[in-house]
Structures are given as C-alpha cells and as structure tokens.
Amino acid sequence: MALDIIHVDMDAFYAAVEQKDNPELQGKPVIIGGTGLGDRGVVSTASYAARQYGVHSAMPIKEARKLCPDAVFLPGRMERYQEISQCIFEIMSRFTPRIEKISIDEAFLDVKGCHRLFGPSRKIGKKIKTSIKQELDLVASIGLAPNKFLAKLASDLEKPDGFKVIREDEIAEILDPLPVDKIWGVGEKTEEILQNQGMRTIGDIKQFSEQELTSLLGQFGHQLYKLARGHDDRAVQVSEECKSISHETTFRRDLQDSEKIFSVLMALSDKVGRRLRKKSLCGKTVFIKIRYGDFTTLTRQTTSPQAFYDTKTIYEQGKKLIQNHGLLDKPVRLLGIGVSSLIARHHLQLSLFSDQDGAVAETVDKIKDQFGEKSIVRANQLIHKNSKQSEQKEDS
Amino acid sequence: MRITTNSSQFYESLETVEKALPVRTTVPLINNIFMQIKEDRLVFSTTNLEMTINTSMESKNDETGDILLPAKIIDIMRYFPTPEVNIDVNWDNFRIDVSGGSAHFHLYGADPQDYPSTSFIEVNENESYSAGRGSLKNMIRSVIFAASTEETRPAFNGVLFNFSDGKLTLTASDTYRLAIKETSHSDWSFEEQKCLVPARVLRELLRLLDDSEEKVFFNMDSRSIAFKCGDMYFASRLLEEKYPDVSGVIPKSYETRIMIDRKTFEDTISRAALLAQGKNQAVNLVSTDSNLETKVASQLGSMEESLPVEQNGEDIDLFVNSRFVLDVLRIIEEDKVIIDFHGNGGPIIFRMENDPGYLYLVLPIKKFN
C-alpha cells in the first residue's frame, strides 16, 4: 500500500487565526466561544496555552473562566475563519484535486498520481505544511499514511505542529499501545464495553476474533476488527458543491386549478428560497417539474442574467415558465420548483434602486427563525390545503 | 473633378467623424463617410443613427457635389506617402482615384442619394448655450464612470443632464453607485429640461473635446442634444427611458465624516486592489478615531495598511468595491477628499473640499457568514 493519504488538521484553528490577526494574543490563553449568550455558551476552540489549564472545546464557558480566568475570551469571527479556510483549501488544491473537506479546518487529501508533478507524498505533506506557515502564518498538523484512519491518527499523534508518517511496516508498532478510544468511532459507550472485556489498548482488540467483536458490538465489530489492524478501505470522497436546491410535492388529488397550483408553487418557492438563503447562496436558473395524472413528467427552465435569492423572483420565474409553456392543460399530479446555477453569496453589493424583494425575504426568514415556520405566510398560501408534505431535494 | 488637399489635414477630419461610424450595421450606406464638396470646403458626416458627427476643412474645389466615401479612406490617408493628395471623382459611377507620389488607389464610392437623413437639433451659436470645453469635459468626466455598462436597465446606460435656471446637473449611476455634479453659470438661463444622453456617446465626445476654455455651444430638444465646437458638430439621440429620482437615496446628514489625503488613499486602495478578488473586488475599510485601516483577505493572501485621518463621528468597519473607490479618487483633483459614512450598511459619500456641487455615493458590500 502506498503512502498516499494525507490528513491536514489546523492547530487550534479559530484561536490561531485570532492570534495571527492580533499578535498581542500570541502565546496567551485564548478561548473562542459563544460569549454572546452570556456565559451559557461553550468553548469552540482554546489555544494551546489555554489547554494547559485544562480548558478544552465543548466545555461550558463558565467552567473555562474558572479554570483560566486570565484567558482572553473572544466571541469568534466566522467570516474571517471562512476566509482563511478558503486560503488553506486553495493551498491544498495546488497539489491534488482529490480533497475531502471534513470541516472548516480539516481535510483528507489523496495524492495518488500526483508524484510525478510534486514528488513523493512526504514532500507534498511538507510543502503543504510550510506553505500554510509561510503564506498564512498558521500551523497545521499533517498525518501521512496508507489510508484515512491512519492518516487522521497520525496527524493527531504529534499535535500541535505535528508531521507524522505511519508506514505500513510500522502500523502494529504504533497502533498496539494506543488506547482504544483513538479508533475512529469508539466513543465513551463503546470504550466501556471494550474495557469490560479487558480491552484497553488497540493491541488488546487484536486478541479478539471478528466474530467475538461483532457479537459484542454488532456491525461496528467488523469495522473495529479491521481498524485495529490499521485496515481502512474508505476512499477520499471529493466534496462536491451543492448544484441545485428544489422542493416538490404530490397532490392528494390531481389539480388543474391554476390559482391553487400557483399557491402551492409559492409555498414551494418559499422553501427553496429559504434554504438558498440559509446556505448563503444565490442562483440564476429556475426550473419547474410537472408530473401529470398519466405520469408523463416534464421539466422547463429559465436563466436570468442576474443572480437572485428571494422567494418572489423564484416564484415569478416559475409561474412564468408554467404560463409561457402552457403546462396546465392537464391535471397535475406533482409539482416541483428549484434553483440551479448556484453561486456563493459571501459578498453582496448593495444596490440603490432595487432588491426590496431580497430584503423582504430576509425579514420573513428572521421572523420564521424566531417564531416558527408557520408564524408568517403569504396570503395566497392560505388557499391550498390539498398537498401532502413536500419533499426537499438537494442535487449534486 | 479633382480635389487637391493636404493628406494629414484630410486624415484629421476623417478621424474625427470616424467615431460615429457604426461598428456593425444592417442599415445600408451608413458605414460610409458622407462628403459634401463645396466651393471652398469639404464637409464630412457620419452617423450610426444614435449619434452623428460633422466636421469640415478648407479646400479649393472647382466643382461641387456630394459623395459617399468608403471608410477605408481613413486608413489610406493615415498611411499616405505624401503631404499632398489628389482625389478625382467620377460623377457617373462614383469611382474615386486617390493619388500622391507614386501611390495610386482606385476606390468604389457610392451615390449619397439613399444615405439616410437624420434629424438632430441644430446648434446655432447665437441661440445656444455655451460652456468652456475643458469645463464641460470635466463635468462629464466626473460622473460618467458611474454609468452602467450592462444592458439590463437601459436608463442607467445614460448620463442625465438636468437643465434648470442658471444650473446644469449631471447624474450617472449603475444602481450600486451614483455620481452627481452640479455646476452654476451666470450666463446660463436654461429652460427647465432633462436629457438622458447615452454614456457611450459622451465617451466619444470626451475624446473630441480639448482642454481649452474656448467655447463649446450646445442645444437640446426633446429627442436630441447637440454640441458645436469649432468646425465640429456632434449630436446624440436621447434615451427615452425614465430616470429614477435619486434625491431620495442621498442622506441629508452623516454619521461619520473623515478627511483624508487623496493621493495617499488612492495609492493604498490601488495596492489593496491587487489582492481583491471576484466581481465585488471587496476591500475592508476600518476607521477608528484618527486611523483608517484598509484590509484585504482573499485566496491570494492578505494585506493591510493604515493611514492617518481626521475622523468625526462613530467608528466604521465595512466592505466596499475597491474599483468603485479608485474610480472617484482618480478623477478628484483636490489634495484632500471628504468621505461621509452612514453606519456600516449605509451609503458612503465622497465629496470634494472645494466643490460643494460634487457628490459620489457608493453602497457598501454586505458580507455573509
């Protein structure tokens, strides 16, 4: 097996970004967490200096304050972290397109086939680490191994500022003495079960047969058996961006009344718009799906020059499609509407004379967030009572 | 008949009218240059139906008549070998022989009988308004960059000329920003009128106006506006779209005002723009007390630079399109620029210290998590 899987994991990412942006914080205990909620929030990241006091992520802020009263507590700036995260992923993408994003600061890379261009995996790993350090002044821990499980384990072994390779012939030597909870998927409960059977280290697990493990743990037993031996055949899943967002609904009885159909269309458009806005996306294409009583199904789409994210535009484009194509000449069994050609809406240039619709949609979203989905509806949605629960779809 | 004239002067006149030649057209003949041969002058005209340009030059001619010259004549004059050029016109078939030195061109002209007639307003110097050429150029230049070049909302492809008593106000916007320049002149007694002039036409006019304070005469009616400048006549159709009322978007007061050295700020934003990416070219402006920080973080990397400012009001932290900021900093000729903020989501207004008639408003960029 080749050493082709790299796991990149940023050290105390949020805290490190704050320290990078404000050098006065360097070396100090910095704790990022929901200070906006009074002290009811939890720690999302603690710098290594803070960890020395016993502070760790998911700990209540209140407790963290007790352990480390001198720490600098910050509310966190997600947009800044996203920005830096993009830069980190840009660095990784220089070496391979096969990147599986685990979170904002963590990813698997499959560098198989990249060696002719960039040299052996070890060199690629080093390059990523130094590029992140030089270009962003941040520290990444790198794990390099034949598979995902071992790569993740490797990056963790020498954290912070780690660079660890696990070669195939070292697997047993490295794994055997480790506690069982180092295995991916072994949480508190599983750990307890294993410990009751006398399994404290990964080496202990290897004393048990696959059958014994499955009778103890069910399906997970198979996986545990393999993982304890350092086997993991999961491939790096290249994360794909969401390409369209749509909702559709099947009517209890086939419908032909345009007023009712458009009322349902509005409800569906609203759901699509809301998901679009939640994901900070906007789109340029609206598509309509219609299935008639005889199960013939058709789709129509239209693309505008300007991207939109408001319910009204989605609805109006959809309605226009139905009207312009004369789609209501037969009773309709299923109606769907969606938006594609999606673009991330990190930034939105405000406009002087338009975009009232966007503002309305966002205000409605806020009301729904606070008071529930049914707290505010459009007048024409009061008409329809004839549809089943709609299905939401997200296509990649 | 034979015309004998100076080839470089001839080229200069042709170059002037070239700007109104259509790039592509389905209308026959308008891709030619209409030349009227008078006793002592040659008059050239071109039109793309949206605008028209006329100019003339002195020349002693033994016959008079009209002919359409192919546009190629412009390049031929540009590369002509001798200062003197002889043009022979055959009135039977509108063939033209152009010769000088050892060069001899034989060209196919055309009968101007079917050349479309256009009806732009005349400019009679005694019955028109006037302004210094440099001043008019400056006025247009200070707003035109804010006009839209996208074709989605045609009104914003125009610059609004608002004539009122003693005052001319130019307005341009692409909906993200707005530039207004108001000029008063004791000589002006305009009838109240609004003209929406295509910005692309005005860009051509800018190239034809020199910076002198010699007079340019102008006149307008409900369908066209025309300028006369020496021998040159330049006219444009007006856009028929209704221009939105912009007065409502301009706040009466400000929450934060800063005064900053224009050139230094321009240089800083130019540097920041090097890393700004995407359609929005966003830069982050953070003004606290007496310090303005300009920051960019993109996939290319990040930069920050801070400048001393005089700040009056709340601190500011917002994102703005760096190109929109550079556009105005480049046309302001004063040492200092005043910037008014209206919170982090409200408009940003650039003003000149010594020209209360000028205003440039930009809306910030909203950031999402």
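In what follows, chains are A, B, ... by sequence order, proteins preceding strands, each numbered from 1. Because the structure is predicted, anything quoted here is derived from the model rather than measured.
Each of B:Ala297, B:Gly301, B:Pro244 has some count of heavy-atom pairs under 4.5 Å with chain A, and the biggest count is that of B:Ala297.
Counting non-hydrogen atoms of neighbouring residues, nucleotides and ligands closer than 6.0 angstrom, the NZ atom of A:Lys320 reaches no more than 12 such neighbours. More than 12 heavy atoms of other residues, nucleotides or ligands shown are found within 6.0 angstrom of CD on B:Gln193. A 6.0 Å sphere centred on NZ of B:Lys194 holds no more than 12 heavy atoms belonging to other residues, nucleotides or ligands. Within 6.0 Å of the CZ atom in B:Arg223, the count of heavy atoms belonging to other residues, nucleotides or ligands does not exceed 12. Enclosure of atom CD in B:Gln277 by more than 12 non-hydrogen atoms of other residues, nucleotides or ligands within 6.0 angstrom is indicated. A:Lys127 NZ: more than 12 foreign heavy atoms inside a 6.0 Å radius. Under a cut-off of 6.0 angstrom, the local environment of CG in B:Asp289 is sparse, with at most 12 non-hydrogen atoms contributed by other residues, nucleotides or ligands.
For B:Tyr176, the parts lying under 4.5 angstrom from a heavy atom of chain A are both the backbone and the side chain. With a 4.5 Å cut-off on non-hydrogen atoms, B:Leu361 touches chain A through its side chain but not through its backbone. Heavy atoms of A:Glu135 lying under 4.5 Å from chain B are absent altogether. At a 4.5 Å heavy-atom cutoff, the contact between B:Asp245 and chain A is made by backbone atoms alone. For A:Arg77, no part lies near chain B; criterion is any non-hydrogen pair under 4.5 Å.
In this structure, the separation between OG on B:Ser302 and CG on A:Asp21 is 7.5 Å, given to the nearest 0.5 Å. Atom CZ of A:Arg80 sits about 7.5 Å away from atom NZ of B:Lys295, to the nearest 0.5 Å. Atom CG of residue A:Leu350 and atom CZ of residue B:Arg177 lie 14.5 Å apart, to the nearest 0.5 angstrom.
Heavy-atom minimum distance, B:Ser173 versus A:Leu352: OG-CD1, 3.9 Å.
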